[in-house]
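What follows is a set of notes on a single structure, which appears directly below.
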Amino acid sequence: MTDTNGNIRTALTNGFGYYRFDQVEVGGVYILSVEAKQHHFENPTRTINVVDELTDVNFVALPSIVADLRVLDLSFPSHLQALRRPNRESIY
């Protein structure tokens with residue numbers, strides 16, 4: 001969680017995926033981001049305006065097959081990636 005001053009707070013989830021931030025200032029605007037080594041998320045970042053206690057700020061992981069497809073660059077074969085970008089040294 002990042003506040004408007006750039007202060008960052010972190011929370012770890014429990015085994016069920018629940019997390020909690022205590023002493024969050026009401027009226028503040030915060031950016032919440034989620035990261036996980038084994039999961040990818042459709043919307044990993046959200047901006048929230050805290051007006052009361054929030055209990056429904058959920059991040060849902062993508063099914064593993066969808067996440068695997070998003071990681072791959074299916075548009076261009078990997079062995080030809082070097083041909084995609086000009087070599088700056090050869091331009092001069």
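Just so you know, these numbers use all the heavy atoms, side chains as well, and skip hydrogens, waters and symmetry mates.
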* To do: Find the distance between CG (L62) and CG (N43) and round it off to the nearest 0.5 Å.
  =>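 It is 9.0 Å, given to the nearest 0.5 Å.
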Specify the closest pair of heavy atoms between [X] and [Y], including all atoms of both residues, with the distance to one decimal.
X	Y	value
V26	V51	CG1-O, 3.7 Å
T45	S33	OG1-OG, 3.4 Å
Q23	R9	O-NH1, 3.5 Å

* Asked: Do side-chain atoms of R46 reach the backbone of N58 as a donor and acceptor pair under 3.5 angstrom?
  ->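 Confirmed, R46 side chain pairs with N58 backbone.
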* To do: For N5 and N7, indicate whether the former's side chain and the latter's backbone hold a donor-acceptor pair under 3.5 Å.
  =>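 It does not hold such a pair.
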* Asked: So among T10, V24, I31, which one has a side-chain contact (heavy atoms from CB on, under 4.5 Å) with M1?
  ->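 Among the candidates, only V24 passes.
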* Asked: When clusters are formed by joining ILVMFWY residues with side-chain heavy atoms under 4.5 Å apart, either directly or through shared neighbours, do I48 and F41 land in the same one?
  ->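 Yes, because I48 and F41 connect within a single hydrophobic cluster, where side-chain heavy atoms sit under 4.5 Å apart.
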* With under 30° as parallel and over 60° as perpendicular, where do the rings of Y19 and F21 fit, or are they tilted in between? ->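 Correct class here is perpendicular.
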